[in-house]
Student: 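Quick one: this structure, given as structure tokens, is what I'll be asking you about.
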Amino acid sequence: MGKSSKTILIADADEQTASMISSTLESRAHSIKRTSDGHAAIDYCKQQSFDMVVVGEQLSDIDGIGFIAKLKSACQGAKIVFISNQWRAAEIYQLLTKEYGVALVVHRPIKPLFLGAQLDGLLNQSSIDLNVGQELERQAVAAMSERFREGLPGRMAVLSDLVVLGREQPNNVAFVKEAQRLAHNLKGTSGTCGMSDLAGAALRLEKFLALAHQDGTVKPGTWDKAGELFDSLHLCAEAVVHNTAPAVRPSNTALATDTSSATPISVTQSCDESAMAKVLFIGSGDNGDEHEHQRSLASGNFPIKIIASSAAEAVEKASHTALDAVLIDINFHDDESATADLAREIRGTTGNESLPLGFITQSAHLPDRITAAHTGASLFLNSPLEPDALKDGIEYLLAVRQGGRPRVLIVDDDPDFATLIIETLGHEGMLVRYVSDPTVVMQAMEAFVPDLVLLDVMMPTVSGFEVCRLLRAAPRWQDTPILFLTGETELDARLAAFDAGGDDYLPKPVATVELLTRVKVRLDRARLLRERADKDMLTGLLLRRAFMEQAKSLIGEAVRHGLAFTIALLDVDKFKSINDTYGHLAGDRVLAHFGQLLKRRFRVEDIRGRWGGEEFIVALRHESQRTTEGALARFLEELRGVRFEGDHGEKFGVTFTAGLATFPDDGDTLEALVKVADERLYAGKEAGRDRIVVANRAS
Ligand code: GH3
Ligand code: MG
Ligand code: MG
């Protein structure tokens with residue numbers, strides 16, 4: 001991936017959005033010019049050439065779309081990105097992309113990490129003339145067609161064997177069903193690849209076989225007719241393999257299928273790099289490690305890319321790559337506080353506040369718990385690393401992450417089709433996990449925690465409808481968007497999809513641009529709803545109700561595993577007088593900073609919320625009172641060091657008082673624990689503030 005610096009113009013009258021986009025791009029070392037004025041923007045474009053122009057919904061003198069219409073002639077060659085306030089009608093989308101040459105439409109709310117990955121993808125593409133969506137689709141389909149072509153003789157050989165077996169045992173319904181399934185998959189993939197003759201022949205075979213069995217019995221004469229249909233299918237397949245038009249089917253000619261030379265069906269697991277989870281591995285910085293770990297992770301269908309780094313380069317790499325987790329090998333940095341500083345610095349870079357952290361240590365050398373809790377290490381792995389431990393550890397880190405790149409699970413028994421989807425969605429910065437066996441979907445859901453599921457309908461063993469119903473029965477997956485992908489386009493099948501609890505329905509063959517659009521709409525909508533309901537806008541932390549919901553699961557977990565956890569209520573000291581002295585806006589800045597700092601400290605799986613006003617709440621998983629007290633003391637120490645600025649430039653500092661309560665010693669319900677923590681907080685205020693209280697009588 002090219003990391004060369006690009007020049008980018010941001011034209012947007014919305015100060016906040018422009019700042020956010022600008023800092024996202026600056027952190028990737030691009031140079032930025034900003035304006036809120038359309039005329040000024042056109043002038044800039046005439047004076048210098050930009051690699052990209054990012055246009056907001058509204059400029060000071062013209063609306064964004066009107067501006068884009070003018071922009072086209074002024075700036076040749078720049079990629080135009082439009083930040084839209086809303087999802088628009090298809091015609092406007094068409095107008096923007098086809099007429100005005102807009103390369104990408106991004107919808108609010110904007111996620112810096114996601115946007116960064118999207119813009120990176122755009123800036124690294126060499127072709128500028130082609131519509132990006134179409135070009136992407138063309139490339140993806142070309143790659144898919146090539147793989148499909150390679151695997152086709154193998155697929156045909158399996159089908160041919162089935163025809164032979166079917167003739168030998170004409171009453172065995174399993175052969176009919178399996179042949180039907182294979183024909184169905186052939187139809188889907190070849191249709192997507194634009195091989196219409198082959199798709200048509202496969203459809204005829206599939207339809208015939210679907211009607212050839214009933215109540216567990218096979219109709220007489222089935223295999224004779226199926227043999228004929230298979231023969232014409234085979235001709236089309238030959239034509240595809242040799243890249244020629246299919247010959248006219250010679251009548252009554254038996255086909256000699258040479259199965260001995262056929263290659264087995266290839267199950268392709270390779271996929272586009274951008275769809276991979278990226279893990280920064282901070283060790284000696286020696287690439288040997290990277291290759292070794294990469295090898296040990298090569299198996300399995302969850303692609304992970306290891307990016308090796310020395311400690312010196314780590315912060316730089318973290319701010320320029322859309323990372324999913326960080327692993328630090330402490331053995332190379334025997335100074336523990338330097339390791340903790342490095343971890344904090346990485347989580348201080350834009351978009352990485354909630355990046356999961358893992359430490360690799362020699363068992364003899366465990367870092368102290370307070371440092372670990374404050375810094376936010378979610379995981380300790382013992383070195384030397386066992387291959388499985390590394391894989392499991394990384395999966396754990398990826399699972400505890402919240403609010404990272406959009407995660408999509410695809411369930412489909414056709415690996416070629418899945419690969420196409422992985423590539424298409426991966427290009428957009430999404431993380432995709434692929435499961436070919438519908439019976440393991442539940443485990444995959446638990447391990448991967450997707451934001452959206454793409455479900456094939458027709459699969460061996462379990463149909464997609466059933467999988468969907470199963471998911472909907474679990475409260476946890478009730479709101480996860482589920483999209484069906486299927487070659488069945490009859491009305492009944494479509495109704496069944498919605499009946500089963502699906503959110504949308506996409507016929508196969510699927511146009512990748514359409515798929516992408518629908519996936520994005522669903523993801524955007526789901527995320528928007530979740531954030532509106534759960535998040536406090538000022539601090540970015542959970543609201544009280546959402547906090548309580550998430551914290552409740554801590555109780556269940558603590559009971560099951562016999563573990564403790566500690567909650568802390570934090571209240572900013574003399575906040576009223578801060579508002580009175582320095583202004584309400586300065587007060588808001590204090591709260592926002594407090595929230596940001598809370599996010600960056602502690603582990604990503606610890607829960608943080610805004611309890612209300614200037615009160616915050618934190619729950620530290622699996623931590624004792626003593627460790628939590630220590631970690632909070634470090635946090636208080638850090639906060640004391642922050643200089644805030646009043647509305648008139650005055651400098652001031654803030655402190656807080658906290659009350660702690662631990663499960664199960666101080667109570668066995670969340671409400672009881674909050675009550676105890678609140679009493680201790682109050683005692684701390686009485687005793688003079690700026691302290692952390694762990695026992696009923698403040699000392
Ligand atoms: P103590 O040390 O005893 O906690 O004193 P305090 O002044 O912090 O406590 P008090 O509860 O009397 O005052 C809290 C103030 O916080 C009152 C309220 O106006 C202010 N406040 C609540 N929410 C916000 C907010 O979102 N922004 C700002 N700027 N102020 C807020
Ligand atoms: Mg207060
Ligand atoms: Mg208060």
Side-chain angles (χ1 to χ4, degrees), residues 14-17 19-20 109 353 531-548 551 566-602 607-620 628-629 631-661 666 671 673-699:
D14 177 343
E15 181 60 35
Q16 273 195 320
T17 309
S19 298
M20 191 227 269
E353 304 88 342
E531 303 226 317
R532 270 214 194 118
D534 292 353
K535 287 241 172 93
D536 166 53
M537 294 315 260
L538 181 62
T539 61
L541 301 179
L542 294 174
L543 289 167
R544 186 188 286 220
R545 185 194 48 77
F547 174 89
M548 289 301 265
T566 302
I567 66 156
L569 266 179
L570 290 67
D571 186 293
V572 183
D573 293 330
K574 302 276 186 200
F575 191 63
K576 196 171 171 315
S577 85
I578 289 173
N579 272 333
D580 294 345
T581 316
Y582 305 104
H584 202 80
L585 285 179
D588 279 359
R589 283 198 294 277
V590 169
L591 296 180
H593 189 92
F594 201 102
Q596 276 301 309
L597 201 57
L598 264 187
K599 259 192 176 169
R600 290 183 173 157
R601 297 297 170 259
F602 315 119
I607 310 170
R608 310 138 171 90
R610 185 175 181 193
W611 195 245
E614 22 71 275
E615 285 180 69
F616 296 85
I617 186 162
V618 194
L620 267 72
T628 307
E629 181 188 13
L632 276 177
R634 299 245 176 120
F635 183 74
L636 179 54
E637 191 60 44
E638 261 189 305
L639 190 73
R640 283 197 197 107
V642 179
R643 297 282 90 194
F644 290 96
E645 199 166 293
D647 288 356
H648 305 289
E650 321 91 305
K651 297 274 190 283
F652 65 95
V654 301
T655 56
F656 66 81
T657 304
L660 269 55
D666 296 316
E671 291 75 10
L673 291 169
V674 171
K675 187 163 176 288
V676 171
D678 197 40
E679 283 161 14
R680 290 179 182 166
L681 166 61
Y682 184 74
K685 293 281 186 186
E686 293 279 279
R689 300 181 172 78
D690 190 13
R691 68 194 60 213
I692 292 147
V693 183
V694 296
N696 280 335
R697 223 166 283 282
S699 44

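Each ligand, and each atom within it, is numbered from 1 in the order the structure gives. Just so it is clear, the structure is predicted and the values come from calculations on it, not from any experiment. In this chain, numbering begins with 1 at the start of the sequence shown.
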Student: Side chain, backbone, both or neither: which applies to D588 and ligand 1 if a contact is any heavy-atom pair less than 4.0 Å apart?
Tutor: both
Student: Taking both backbone and side-chain atoms into account, decide whether V572 has an N/O/S atom under 2.8 Å from the Mg ion (ligand 2).
Tutor: yes
Student: I want to know if ligand 1 touches S577 in the polar sense, i.e. an N/O pair below 3.5 angstrom.
Tutor: no
Student: Restricting to N/O/S atoms, is E615 within less than 2.8 Å of the Mg ion (ligand 2) or not?
Tutor: no
Student: For ligand 1, note which part of L591 has a heavy atom under 4.0 Å away: side chain, backbone, both or neither.
Tutor: side chain
Student: Would you please name every residue forming a side-chain contact (heavy atoms from CB on, under 4.5 Å) with K599, sequence neighbours left out?
Tutor: E353, L541, Q596
Student: Check contact between M537 and ligand 1, using heavy atoms of the residue and a distance below 4.0 angstrom.
Tutor: no
Student: Suppose we screen for salt bridge (Lys or Arg N to Asp or Glu O under 4.0 Å). Which residues come up paired with E679, at least two apart in sequence or across chains?
Tutor: K675
Student: Are any side-chain N or O atoms of R680 and backbone N or O atoms of V694, one a donor and one an acceptor, separated by less than 3.5 Å?
Tutor: yes
Student: Closest N/O/S atom of E614 to the Mg ion (ligand 2), by atom name?
Tutor: OE2
Student: Are any N, O or S atoms from D571 nearer to the Mg ion (ligand 2) than 2.8 Å?
Tutor: yes
Student: Which atoms form the tightest heavy-atom contact between R589 and F644, and what is the distance?
Tutor: O-CE2, 4.2 Å
